[in-house]
*Asks:* 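First the structure, which I've put down as structure tokens, then a few questions once you've had a look.
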Amino acid sequence: MYKGKIEQSLFTMHYTAVTKHTDSLSVKLSPAPWLICKFTFPKLLIFLVYTNVLAIVLYLSGFNKYVEFGKNLSDSIIFSNSVAISAFVCVYLSTNTFKSVQRVVQVLLILISLVFGAISGSIIVLIIRGTEHTLLLGGHNNLIIRAIVGNFIFGGVMIFFFASRARIDEAKRIVLEERMKLLDMKNLTIETELRLLQAQIEPHFLFNTLSNVMSLIDTNPDKAKKMMEYFSDFLRASLHIAREKTVTIAQEMELIRSYLDIHRVRMGNRLSYTIDIPESLLAYRIPPLLIQPLVENSLRHGLEPKIEGGEIAIKGEPEGSVFAITIADSGIGVSENTGGNGIGLENIRKRIQMFCNGDGDGRLILEKNKPSGVKAIIEIPYSL
Amino acid sequence: MKQIRAIIADDEEALRHSLKRKLAALWPDMIICGEAGDGVAALKLAQTVVPDIAFLDIKMPGLSGIEVARGLPGACLPVFITAHDEFAVKAFEAGAIDYLLKPVIDSRLEKTVQRLKTRMADPSFPPHNIHEILDALALAARNTHEHLQWIKVQHKDSIRLLSVNEIYYFKAADKYTVVRTRDKEFLIKKTIKELAAELSPDQFWQIHRATLVNVATIDMVIRSLTGSHELRLKGLHETLAVSRSFSHMFKQM
């Protein structure tokens, strides 16, 4: 039941996280009116290349025969470039001056800028070429009208091109951002899952403890009370530990002490234990529940099956550049075919490696204890 | 009515006491004629007093409750007490034996007593296949594997215990066999042939006359131009050669 509840809460958590995520995605992507791009210097270069190509194409197509100014290629190019540059400058100035305006206003600004650009560009042509100012407005095909029409048609195409590109980029960025968020969320879910798993209480341990308390309540209420105290100590320590990424050795030992105390009530004089960690090691941080599973293994596979029981000795020792925590039991030891804890050990090994960032100095060693039982040694480099 | 005799075996004294009290209240005709704190003592007790019912904890030091049940004399009915519901379900499915889940609740104990009373009145009890049922249960409860799980190696003045899961490969070298873990090498006397027979064939593959590799540690299979295969292992720089006669295992992978 305990496990089921955790799984359920994990599921709800995950579920809400996912729905929340999709909501934010649709809100960001669905209203997609066209977005005005930012006018920058590289864009001006693209603009100019486009303008010159246009000028040459127009000249080659023979269109220039029908106009009064720009019958030759050089005039045509000068005209196109000056109009394009001044139009770009006008658009650049207007969009950068009025930044936080509505999109409609922005479109209007661009249109006005194009007209202004056309006029100023035409004047520049007159100044450069020294032609009569009558060409500006007079006659058919006058410069300003040509510039405005040209700007609206060709400039419009270019701006639309930039705007749609900007829109695609923006959409891509949002998708990428959302994907990153999703990854983060997945990481978080895995992390939470791991912590909940770590905090999970072995059901047999829970039921054995409860059953012991129930039978003690009638016959020995004082002992039952003591057992409940140990058990609540254990629960508090394990819940606290489960929320942390790393814990001090002192905290882990607190958990182990209450765990062993509970077993001592159950096993009576079949179990004795010693914990001997020097003061200097107590404040070092290690991943939570790294040592407790080894104590559990010693009990489950070493001492509980042994008729006369035995002892668990937990010791901490500085050893050069590493410190070692040793969990030694005088239990029945392992035979070649004893199963049931290989996976747990693998998990501890992986967590030590992850914690030490692959530093080979962090490791778990299992040895035969003398005269009987198993000795597990965890070594962690001091530098961490 | 005939006096019913029973024994209780549990490694926790408090539990024995409490069960005794509860049974005395629920079934006054029954007497508890003995208690035991471990499996060996329980079996001895059962063989001396020959009870009608044996309340047996499954997880006991020495012998498990199921092993005790297999050695019970004559018509003695075992009732298992356990915190491990997976065995209980099996026992219940078998339909022959009753069980009590820890913590033992009064109402459930009452049901057990009722069930025992009807069964004891039924002459076909215990069923003839009780030993088959117990054998199946014993297998489920035993914490041993068919295959090798631990390799013992000498290291300096101590004996290291290597779980087979942490071993990358075994390789024959002269009279010895090299055992490779992530960061160390050890020598053992067991031959590749013996190991191949004892290790799980799903976990360790023979890729060469002289090499057994832990499948879980394979990073990738490299195929050379000449068509021979080599294995690269996770986090190790060396590669292992796959001999031609074993290379069929890596085709189409």
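Only this structure's heavy atoms are used, side chains among them; waters, hydrogens and symmetry mates stay out. Order of the sequence lines fixes the chain letters, A, B, ..., with proteins taken first and strands second; residue numbering starts at 1 for each chain.
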*Asks:* Among A:Glu304, A:Lys375, A:Glu308, single out the residue with the greatest number of heavy-atom pairs under 4.5 Å to chain B.
*Replies:* A:Glu304

*Asks:* Would you say B:Asp11 and A:Met267 make side-chain contact, with heavy atoms under 4.5 Å?
*Replies:* no

*Asks:* Report yes if some heavy atom in the side chain of A:Val334 is under 4.5 Å from a heavy atom in the side chain of B:Leu161; otherwise report no.
*Replies:* yes

*Asks:* Check whether B:Lys184 gets within reach of chain A through its side chain, its backbone, both or neither, counting any heavy atom under 4.5 Å.
*Replies:* side chain

*Asks:* Between A:Lys370 and chain B, which part of the residue has a heavy atom less than 4.5 Å away: side chain, backbone, both or neither?
*Replies:* side chain

*Asks:* For A:Asn220, is it the side chain, the backbone, both, or neither that has a heavy atom closer than 4.5 Å to a heavy atom of chain B?
*Replies:* neither

*Asks:* I'd like to know whether CG of A:Asn269 has more than 12 heavy-atom contacts from other residues, nucleotides or ligands below 6.0 angstrom.
*Replies:* no

*Asks:* Among B:Val40, B:Leu19, B:Val153, B:Asp38, which residue has the highest count of heavy-atom pairs closer than 4.5 Å to chain A?
*Replies:* B:Asp38

*Asks:* Give, for atom NZ of B:Lys152 and atom CD of A:Glu367, the distance between the pair rounded to the nearest 0.5 Å.
*Replies:* 13.0 Å

*Asks:* Drop me the distance from A:Leu364's CG to B:Glu166's CD, to the nearest 0.5 angstrom.
*Replies:* 7.5 Å

*Asks:* Which is it for B:Arg182 and A:Gln353 under the side chain to side chain contact (heavy atoms under 4.5 Å, CB included) test, yes or no, and what are the steps along the way?
*Replies:* CA-CA 11 Å; B:Arg182 208 178 96 97; A:Gln353 264 168 33; 3.0 Å; yes

*Asks:* Check this for me: B:Glu198, atom CD, are more than 12 non-hydrogen atoms of other residues, nucleotides or ligands nearer than 6.0 Å?
*Replies:* yes

*Asks:* When only pairs under 4.5 Å are counted, which of B:Ser18, B:Ala83, B:Ala41, B:Pro61 shares the most heavy-atom pairs with chain A?
*Replies:* B:Pro61

*Asks:* Above 12 or not: heavy atoms from other molecules or residues under 6.0 Å from NZ of A:Lys315?
*Replies:* no

*Asks:* To the nearest 0.5 Å, what is the distance between NE2 on B:His17 and CG on A:Asp218?
*Replies:* 12.5 Å

*Asks:* Does any non-hydrogen side-chain atom of B:Trp150 lie less than 4.5 Å from one of A:Leu366?
*Replies:* yes

*Asks:* Which answer fits A:Leu210, side chain, backbone, both or neither, if we ask what part of it has an atom under 4.5 Å from a heavy atom of chain B?
*Replies:* both

*Asks:* Checking heavy atoms, do the side chain of B:Arg16, its backbone, both or neither come under 4.5 Å from chain A?
*Replies:* neither

*Asks:* Where is the tightest heavy-atom contact between B:Val104 and A:Met214, given as atom of each residue plus distance?
*Replies:* O-CE, 3.6 Å

*Asks:* So, taking the atom named CG in B:Leu15 and the one named CG in A:Asn208, what distance separates them when rounded to the nearest 0.5 Å?
*Replies:* 8.0 Å

*Asks:* OG of A:Ser211 to CG of B:Asp10: how many Å apart, nearest 0.5 Å?
*Replies:* 7.5 Å

*Asks:* How many angstroms lie between atom NZ of B:Lys102 and atom CG of A:Leu206, to the nearest 0.5 angstrom?
*Replies:* 13.0 Å

